[in-house]
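The structure appears right after this line, and notes come after that.
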Amino acid sequence: MTLPPNVHDAEPIPEAAKEAIDALMQSGDLFRYTAPQDAPVALLEAEFAELLGTKYALAVSSCSAALFLSLKALGLPRDARVLIPGFTFAAVPSSVIHADCIPVLCEVGENYRIDMADFEAKLDSVQAVIISHMRGHTSDMDAIMALCDARDIPVIEDAAHSLGTTWHGKNIGTIGKVGCFSFQSYKMINAGEGGILISNDADLVARAVIMSGAYEHNWKKHKGPHGDNSPELEEAFVRWQNKLPLYNLRLNNLSAAVIRPQIPELARRVRDGLANHDYVAGRLNTSPHIDVPAPLPPEQRAPDSIQFNLVGLQEHEIRAFAAAAEARGVKVQVFGLSQDNARAFWNWQFLPETFELPQTRDMLMKACDVRLPVRLTRAELDVIADILLAAVGEVTGPMPVYGT
Ligand SMILES: Cc1ncc(COP(=O)(O)O)c(C=O)c1O
């Protein structure tokens, strides 16, 4: 029998990283602004912008830093209200507070996507929006952009989990004014920590670059598309020179050396991750007590985990299901049931205002989360699906068998 797989380790970092890291160890050149040009961080930015099809990219220390800098670069005044989904990671409202703004939470549906009625109802009271594509589930970006564009409200895409996801064939992270990605270990590209911000807006990027810690004239090492000089970016840098605080949220060359060789692996990881997810989803959906929400039609997902709702189960049965799965070797996180969960909005007690989101709360009390790293084999996926189905069967009784 195949044992339950280890779902915590990421894929090995490609061998090519070792050579680049050795060279950096030899030279000691770890700071992104020491080399006159082509530092690993600068090369990463050029490669990432090209991969996603945007003009500019700024690599920083985390996705949280990218979100914070995006809000700062928008020039929002103190206490500006920023709409975020009620289902996201605590880092998102935290970045809003870090930027001296006030998070406003909106309802999320059973399919983990933003509830458009609540979004629209709250939109006129905010000055910016962060769309967290939580666990890579894309909200209705057509409706969101139409509503926000009509009001001239800037949209920041929190694409921490969405690298490789597309919407009508367009890369997630390129639809709003700015997109933010994470290189933390449980993401498609793993550097332990790290993040990147992308945008086509030269003024916004220049502000973010300076505030990320490009002191004095280090901004001259930031280029435009294909690593070429960009006059509009240079003009923006000159405009903002000495006018902005420096928050020092830079990425170092070692992290870039770990990230860059993973970029050519991305297409395969996305393909395998989606195939794995859809295979397990198909098996889980055979249970009347499990529902894996379908993607929205324009969305092509890039998952490395699976989320599903338990249907018709009481709270004690949901707890019993999670315990039964864990006893068999598969850890299930029920977002709303684990103590102090950072994705349950009622635990964000640092917010200046509180929000009642009954629909989101209801979803979080039955929504389950299981990691599915893209390297898992079909046999390992079967072990996970078998365990989850057996655990739900243990709680609800065996599945009905319909004879002829
Ligand atoms: C939805 C979401 N946004 C943002 C972040 C923050 O990413 P980072 O850890 O790179 O700051 C996370 C972290 O996992 C996340 O889940």
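All residue numbers refer to positions in the sequence shown, counting from 1. Counting starts at 1 for both ligands and their atoms, in listed order.
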(message) Just to be sure I read this right, does ligand 1 sit under 4.0 Å from the backbone of H133, its side chain, both, or neither, counting only heavy atoms?
(response) neither
(request) Return yes or no for this condition: an N or O of D158 is under 3.5 Å from an N or O of ligand 1. (result) yes
(message) Quiz question: by atom type and distance under 3.5 Å, do the side chains of S338 and N341 form a donor-acceptor pair?
(response) yes
(message) So, regarding T88 and ligand 1 (criterion: nitrogen or oxygen to nitrogen or oxygen, under 3.5 Å), is there a contact or not?
(response) no
(request) Check whether the side chains of E193 and S62 place a donor and an acceptor atom closer than 3.5 Å, and report yes or no. (result) no
(message) Are more than 12 heavy atoms, taken from residues, nucleotides or ligands other than D152, located less than 6.0 Å from that residue's CG atom?
(response) no
(message) Only heavy atoms of M134, strictly under 4.0 Å: list the atoms of ligand 1 that pass.
(response) 1 (C)
(request) For atom 5 (C) of ligand 1, grab the closest protein heavy atom and report residue, atom and distance to one decimal in Å. (result) A160 CB, 3.9 Å
(request) Indicate the ring-plane relationship of H222 and F237, choosing parallel, tilted or perpendicular according to the 30° and 60° boundaries. (result) tilted
(message) Side chain, backbone, both or neither: which applies to E193 and ligand 1 if a contact is any heavy-atom pair less than 4.0 Å apart?
(response) neither
(request) Please report which non-hydrogen protein atom sits nearest to atom 12 (C) of ligand 1, along with the residue it belongs to and the distance in Å to one decimal place. (result) F89 CD2, 3.7 Å
(request) Name the closest protein heavy atom to atom 11 (O) of ligand 1, giving the residue it belongs to and the distance to 0.1 Å. (result) S64 OG, 2.6 Å
(request) May I ask whether G194 places a heavy atom under 4.0 Å from ligand 1? (result) yes
(request) Report yes or no: does E380 contribute a side-chain atom to a donor-acceptor pair with the main-chain N or O of P5 at less than 3.5 Å? (result) no
(message) Does any N or O of ligand 1 fall below 3.5 Å from an N or O anywhere on Q184, backbone included?
(response) no
(message) Is it true that Y215 and N248 share a donor-acceptor pair across their side chains at a distance under 3.5 Å?
(response) no
(request) Would you check the N or O atoms of R135, main chain and side chain alike, for any that come under 3.5 Å of an N or O of ligand 1? (result) no
(message) Among all protein heavy atoms in this structure, tell me which lies nearest to atom 10 (O) of ligand 1, with the distance rounded to 0.1 Å.
(response) S182 OG, 2.7 Å
(request) State whether a side-chain donor-acceptor pair under 3.5 Å links Y56 with E232. (result) yes
(request) May I ask you to list the atoms of ligand 1 that are less than 4.0 angstrom from any heavy atom of S62? (result) 10 (O), 11 (O)
(message) One residue to check: C63. Relative to ligand 1, which of side chain, backbone, both or neither has a non-hydrogen atom less than 4.0 Å away?
(response) both
(message) Under a 3.5 Å cutoff, is there a donor and acceptor pairing between the side chains of T166 and Q300?
(response) no
(message) Please determine whether any non-hydrogen atom of K187 lies less than 4.0 Å from an atom of ligand 1.
(response) yes
(request) Determine whether the side chains of R283 and N285 contain a donor N or O and an acceptor N or O closer than 3.5 Å. (result) no
(message) I'd like to check whether H161 has a polar contact with ligand 1, where a contact means an N/O of the residue lying under 3.5 Å from an N/O of the ligand.
(response) yes
(message) Can a side-chain donor-acceptor contact be found between N309 and Y112 if the only test is distance below 3.5 angstrom?
(response) yes
